[in-house]
Amino acid sequence: MMDNLRAASNNVVLKIILALIILSFILTGVGNYLVGGSGDYAAKVNGQEIGRAQLEQAVQNQRSRLQQQLGDQFSALAGSEGYMQQLRQESLSNLIDVTLLDQYSKKLGIAVSDQQIKDAIFATPQFQTDGRFDNAKYLQSIQSMGYTADNFAQLMKRQLISQQLEQAFGQSDFVLPAESKSLGELILQSRDVQTATLDTNALAAKQQVTDAELQAFYDQNKNKFISPEQVKISYIEMDATAMQGKTDVTDADISAYYDQHKNEFGQPERRRYSVIVLKTQADADAVAAELAKGTDFAELAKTKSTDALSAKQGGDLGWMEPETTLPEFKNANLTTKGQVSGVIKSDSGFFILRLEDVTPEKVKPLAEVRNTITDKLKQEKSLDAYYALQQKVSEAATNDNESLASAEQVAGTKAVHTDWFTQNQIPAGINFKPVVQAIFEGGLIGQDGSPGSNSDIITVDGDRAFVVRVDAHKAEGVKPFADVKDQVTAMLKHQKAQDQARVDGEKLLTALKDGKGDDAMKAAGLSFGAVQKVQRSQQPSAFEENVYALPHPQKDQPVYGLSQDDKGNSVLVKLTGVTPGVVPEADVARFTQEMQQTSSNVTFDALLTNLRQEAKIKYGSAAQNQ
């Protein structure tokens, strides 16, 4: 239990509570924390009452928070009787948990005074201005959430108690083997259940609804029948690629391009040089004299050249094309392999050059590159025509802003007309971000649904462009009742079916608990299915939570409950057995370490489950209204 307590005190759920409380506390009237009601109580927890007023206030507070978080969506939820019953049940369950934790803290001698609560409020940064408590800011924050002094004090007390529990047990760095084993049995526990489902869809088919009910449902849920903004447009597309197939290229064009760009269709003349670089005229003359005596050029380059890089290669500079050859090299006028220049003066010193080799120019014949030149010329001409067409279409669309007729004539094509579409269903032909932005954000839409103005040229990737005109526009709005009547009918029938399923399920649950379940189930045409094992997952579903909220079966007598599946069907649950979990021997050490270092919602639930199972909880008449 100590480990459960430590995990609960570290639990994320408890830590979040303070943040919620900070935004919703009322400074005055901090007393009367867990005070019970009179004879009309909602529940008694080990003899301590939770009054009707406490429950009603808790429900109202939860409604206020949900209203602020969900806005209009909550109005739709609040229209469901089943949902509001569930909210009421959760509110009572939370009050019971608060009471159990309060009682448990008293057993441990942990208490929270009025002054501690006030000190916590004054120290809260959200309620301060320039480091000092600001009562106006405080009141503005708490009034927006609708808490009373008493129910806030309950929540604040729970948080401060949690902090004390954490201080008391959170520093303990060991878990006894018996504790680890017990907690493992609880967390890994499996439960044997059988279920019987009240099919909401089947019940929906039998529901009757009146026109008045349909109209009322529609009026209360108009936010569910929103028609998004829609437009109809006309557009002219210009595509440079498509224009390429319509472009003509003459033989004269091809020959002229070939003559002007021969370097693109072969390899120009290349020359290979070696060099000896020297610092002074005297050094250069001395090397020239050595060369005249027949000394090897490469050896002199290695020993005499000041250019370290070429010297390592015996002066070799590699192959050079005309575009990369220095003017001094060209001016040396070396024409024969092995020919050596005289001393050449340059900005960087002096050098002596030798021509090592020459590769003559090689050009592919025109016939070999004709198709390549043709394609290139067609592309260039089509781009020129494309940009010229853009200019003409733009001028026509601007000068005749009442339609795309003039632009059509210039473009030589008819505009494409779309049907209605929204921003979430863009026609494929215009599904480009610049086009969509121009339509819905570019000021092209007329007033009151009337046609707008022509767009300017809109370019997109791939050498394509558009001129767009919005022909008609429908603003976002609520769909008329007549248009959605069938949808309203289906939704209302489904809601009625859910309510009926819940009511029928509660009646069957009462019969099962009273030992009259066989006849009641037979009359309803229901029976429990095969036994299935349920084990709580890391993120338990509502069904798992409901299964694990049921008390253990006693003396082979099943326990019954009512839940709901993810389709909205009411589900009767028959719990027949509980099997403690077993931590595999190989995982015991790791499991124990995790219990020491981490906390989880599962262990928090385990603590409350233990407290609930050990408590005597009696529901009063106020709880029957749920």
Side-chain angles (χ1 to χ4, degrees), residues 228-258 260-261 264 371-476:
E229 181 183 23
Q230 299 179 70
V231 294
K232 279 184 178 181
I233 73 162
S234 300
Y235 68 90
I236 296 173
E237 179 181 359
M238 291 158 280
D239 187 342
T241 303
M243 296 178 70
Q244 187 172 335
K246 304 175 183 179
T247 304
D248 293 327
V249 176
T250 66
D251 290 341
D253 293 332
I254 296 172
S255 297
Y257 187 90
Y258 178 77
Q260 296 169 12
H261 301 84
E264 296 180 10
N371 291 339
T372 300
I373 295 175
T374 300
D375 291 342
K376 187 174 184 65
L377 288 175
K378 282 187 175 182
Q379 183 179 20
E380 290 179 354
K381 285 193 171 186
S382 66
L383 282 174
D384 290 341
Y386 168 69
Y387 292 123
L389 181 63
Q390 278 192 34
Q391 182 64 33
K392 292 178 181 178
V393 171
S394 175
E395 291 174 356
T398 301
N399 294 333
D400 179 10
N401 206 21
E402 298 301 317
S403 72
L404 289 179
S406 297
E408 287 178 322
Q409 291 179 351
V410 172
T413 184
K414 289 292 185 182
V416 178
H417 300 273
T418 71
D419 199 352
W420 291 104
F421 65 89
T422 69
Q423 290 196 58
N424 295 324
Q425 296 176 320
I426 306 296
I430 56 168
N431 195 8
F432 302 96
K433 186 175 181 180
V435 178
V436 175
Q437 288 180 330
I439 293 171
F440 290 98
E441 304 171 18
L444 303 181
I445 295 173
Q447 294 183 346
D448 301 324
S450 63
S453 57
N454 299 334
S455 75
D456 198 352
I457 296 294
I458 306 167
T459 58
V460 301
D461 292 339
D463 291 328
R464 300 169 76 180
F466 296 83
V467 172
V468 174
R469 178 179 180 81
V470 176
D471 295 326
H473 172 256
K474 292 180 182 178
E476 179 183 89

Is the backbone N or O of [Y] less than 3.5 Å from a side-chain atom of [X], with the two atoms forming a donor-acceptor pair by type?
| X | Y | answer |
| --- | --- | --- |
| R469 | E402 | yes |
| S394 | Q390 | no |
| N454 | D400 | yes |
| S234 | A415 | no |
| S255 | A252 | no |

Euclidean distance, [Y] [atom2] relative to [X] [atom1], rounded to 0.5 Å:
| X | Y | atom1 | atom2 | answer |
| --- | --- | --- | --- | --- |
| Y386 | M238 | OH | CE | 7.0 Å |
| E476 | E229 | CD | CD | 8.0 Å |
| F466 | D239 | CZ | CG | 8.0 Å |
| L404 | S455 | CG | OG | 8.0 Å |

Under 3.5 Å donor-acceptor pairs involving side-chain atoms of residues 419-446, not counting sequence neighbours:
{"residue": "T422", "atom": "OG1", "partner": "N424", "partner atom": "N", "Å": "3.2"}
{"residue": "T422", "atom": "OG1", "partner": "Q425", "partner atom": "N", "Å": "3.4"}

Would you please name every residue forming a salt bridge (Lys or Arg N to Asp or Glu O under 4.0 Å) with D253, sequence neighbours left out? K381
Within the structure provided, determine whether [X] and [Y] are in side-chain contact (heavy-atom separation under 4.5 Å).
| X | Y | value |
| --- | --- | --- |
| I254 | T374 | yes |
| K474 | V231 | no |
| Y235 | V467 | no |
| K232 | H473 | no |

When every non-hydrogen atom of L389 is compared with those of V410, the smallest separation belongs to CD1-O, 3.7 Å
Is the closest side-chain donor-acceptor distance between D456 and T398 under 3.5 Å? no
May I ask you to check whether Q391 and Y387 show a side-chain donor-acceptor distance below 3.5 Å? no
Less than 4.0 angstrom from a charged side-chain N to a carboxylate O is my criterion; do R464 and E237 meet it? yes
